Amino acid sequence: DEVAGTLAMHFAQAGASDRAFGYYRQAAEVAFSQSAVTHAEKMFDAALDHAPQDNWVRFDLLHEQARVFYSAMRHERWRQSLEERKQLLAGLAGEDVGRSMKLHVDRAHYAGAIGDGRASVDAARDAVALAERLADDAALARAYQHMAFGYWTQSRMAESVPFFERAVAYAQRAGEREIESTSLVTYAAVGMFSGMPTQAIRELLMRSFAIAEARGDKRKMAIIYNKYGYLRAAAGLADFDLIEADYQQGLALTREIGHLHTEEIILSNLGVCFTQKGDYRRAREYFEACLSVGEVNPDYWRTFVARHHLGAMYMQMGQLARARALVQKASDALNALGNHHFEVKARCDLGLIHQLSGDHRPARDELARTLDLIAGHGDLRFAAQV
């Protein structure tokens, strides 16, 4: 990375933009492979500054750079990149099926990341149609993966399952182990939210972890450590030391590689863990750290999840007015996004806050509404709690 970057600057100063472009691009790829996300973004920007006047070179470079925007939670730049690539394709005389497919896959990924499940499914459906024309199994695996996640984001759990299964099958056929691992771990997440037996979820996670470990994929390993901790908590085992240990292992890995999306999720879950332990000082510290990461992007759906968890902490502390304000806002925001699974969690607590406050009629109405939302999810834990 350092050698390529130095050579790039040398050729840039010498006015040899073509040589500088090549070395900047090489430096960007190496930096990204080494999880130096911030440096990778700078090297991609420098490569774009020295790129030849060729729309398709620029398109391909922007496509490669989008991986950085996801890792670093640079949602605004990611959106701008998508818009520029759309314009580049619109200026093409003929049809470029391959690049169109890549754009739709990235659109689906972006929409899923910000919580717009409907847009994610629509873009993934377009990507599937183009990938079928190309008979590209790897592209089909990626497109079905994002389609499944789009349904998951809308809490349409049953509908997501066959698309996760297709993603795994196409990934195995194409030898795309990373896509296979990602689809398995997200399939496990569906199971956590729809009544799958704990052992079946654990087996999916173990399969995913084995692939990630063999590939040295620290990002995926961090995600799975987070899922292991969450699974213990969701199963009601209350072994807080083991739950925290799983989360901390995941947090250490994600901080090592600088993947902010995963870090934000783990920080939120650590906040919940310490709330359940009754250590509210540490819980608040983790929630504040989580929000400092997520609220950089006002369109990021998980900030509402974190605010719900923060409100639940205040409920446990007896600060009911403060709790109600946070949880009401989170519930309404998640409803507007169509993310009914996390809305169910928030509204369940909102009903409890009303009841603890002595406001029995709104409590009854909120909990009745929550039961209606649960219908079809298959999540027996929350049906029982409500």
Side-chain angles (χ1 to χ4, degrees), residues 28-37 40 60 63-71 98 101-102 104-106 108-110 112-113 120 124 127-128 130-132 134-152 160-192 196 199-231 246 249-250 252-254 256-259 261-263 265-266:
E29 289 292 344
V30 174
F32 185 75
S33 71
Q34 295 174 343
S35 301
V37 176
D60 293 341
H63 175 71
E64 293 165 17
Q65 190 181 31
R67 298 168 297 167
V68 175
F69 298 146
Y70 167 61
S71 298
M101 179 200 65
K102 288 179 179 179
H104 288 308
V105 168
D106 203 19
H109 190 190
Y110 169 78
S120 183
V128 165
L130 293 170
E132 286 177 340
L134 293 169
D136 187 332
D137 288 343
L140 282 166
R142 184 73 72 191
Y144 278 124
Q145 173 195 321
H146 291 307
M147 184 181 292
F149 188 74
Y151 281 118
W152 181 92
S160 74
V161 170
F163 297 114
F164 279 121
E165 292 173 344
R166 288 184 205 177
V168 170
Y170 278 112
Q172 289 174 337
R173 196 153 79 183
E176 290 284 348
R177 301 288 278 168
E178 189 277 328
I179 302 175
E180 180 184 356
S181 179
T182 298
S183 298
L184 285 168
V185 75
T186 317
Y187 190 3
V190 171
M192 289 183 192
M196 184 184 289
Q199 186 55 38
I201 296 169
R202 189 176 299 280
E203 288 172 3
L204 288 170
L205 292 176
M206 290 172 65
R207 284 172 61 190
S208 182
F209 192 89
I211 296 170
E213 191 171 35
R215 299 180 67 252
D217 187 342
K218 292 182 179 179
R219 181 182 72 86
K220 193 62 54 54
M221 291 166 67
I223 290 171
I224 298 168
Y225 275 124
N226 174 62
K227 296 296 184 189
Y228 280 144
Y230 191 92
L231 181 60
D246 285 332
Q249 281 186 282
L253 280 172
T254 197
E256 181 183 335
I257 62 176
H259 198 276
H261 264 281
T262 306
E263 180 176 345
I265 295 169
I266 297 175

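The model shown is predicted, which means the values in this text are computed figures rather than measured ones.
Nearest heavy-atom pair across Lys220 and Ser181 is CG-OG, 3.3 Å. Between Ser120 and Ala108, the shortest heavy-atom distance links the atoms OG-O, 2.9 Å. Of all heavy-atom pairs spanning Val68 and Phe32, the tightest one is CG2-CD1, 3.6 Å. For the residue pair Ala212 and Met221, the shortest heavy atom distance occurs at CB-CG, 3.8 Å. The two residues Ala138 and Ile179 come nearest to each other via the heavy atoms O-CD1, 3.7 Å. Ser160 approaches Ala148 most closely through the heavy-atom pair CB-O, 3.4 Å.
With hydrogens and angles ignored, the 3.5 Å screen pairs no side-chain donor or acceptor of Thr254 with any backbone N or O of Gly250. A donor-acceptor contact shorter than 3.5 Å is absent between the side chain of Ser208 and the backbone of Leu204. Of the possible donor and acceptor atoms, one in the side chain of Thr182 sits under 3.5 Å from a partner among the backbone N and O of Glu178. Checking side-chain atoms of Arg67 against main-chain N and O of Glu64 turns up a donor-acceptor pair under 3.5 Å.
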- Would Asp246 and Gln249 satisfy side-chain contact (heavy atoms from CB on, under 4.5 Å), going step by step from the backbone distance to the final call? CA-CA 5 Å; Asp246 285 332; Gln249 281 186 282; 4.2 Å; yes
- Task: Please report the C-alpha distance between Leu231 and Arg202 in whole Å, then the side-chain angles of each, then the deciding distance to 0.1 Å, and finally whether the side-chain contact (heavy atoms from CB on, under 4.5 Å) criterion is met.
- Result: CA-CA 8 Å; Leu231 181 60; Arg202 189 176 299 280; 3.9 Å; yes
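Glu165 has its side chain out of reach of Val168: every pair of non-hydrogen atoms, C-beta onward, lies at least 4.5 Å apart. Within the 4.5 Å cutoff, the side chain of Val185 has heavy atoms near those of the Leu205 side chain. Contact annotation: the side chain of Met192 approaches that of Lys227 to within less than 4.5 Å [non-hydrogen atoms, C-beta and beyond]. A 4.5 Å side-chain heavy-atom check between Val161 and Val190 finds at least one atom pair inside the cut-off. Inter-residue side-chain proximity for His146 and Val105 is flagged as met; some heavy-atom pair is nearer than 4.5 Å.
The CZ atom of Phe164 sits 8.5 Å away from the CH2 atom of Trp152 when rounded to the nearest 0.5 Å. Distance CD1/Ile223 to OG1/Thr186: 7.5 Å, rounded to 0.5 Å. For the atom pair CD of Glu180 and CD1 of Ile211, the computed distance is 3.5 Å after rounding to the nearest 0.5 Å. Annotation: the span from Met147 atom CE to Leu140 atom CG amounts to 10.0 Å, rounded to 0.5 Å. With rounding to the nearest 0.5 angstrom, the CZ atom of Arg177 is 7.5 Å from the CD atom of Gln172. With rounding to the nearest 0.5 Å, the separation of CD in Gln65 from CD in Glu29 is 10.5 Å.
By the 30° and 60° cut-offs, the orientation of the rings of Tyr70 relative to His259 is perpendicular. Note on ring orientation: taking the six-membered ring where Trp is involved, the planes of Tyr144 and Tyr170 are parallel (angle under 30°, cut-offs 30° and 60°).
Partner of Phe163 under the ring pair (Phe, Tyr, Trp, His ring centres under 6.0 Å) criterion, chosen from Tyr187, Tyr151, Phe149: Tyr151.
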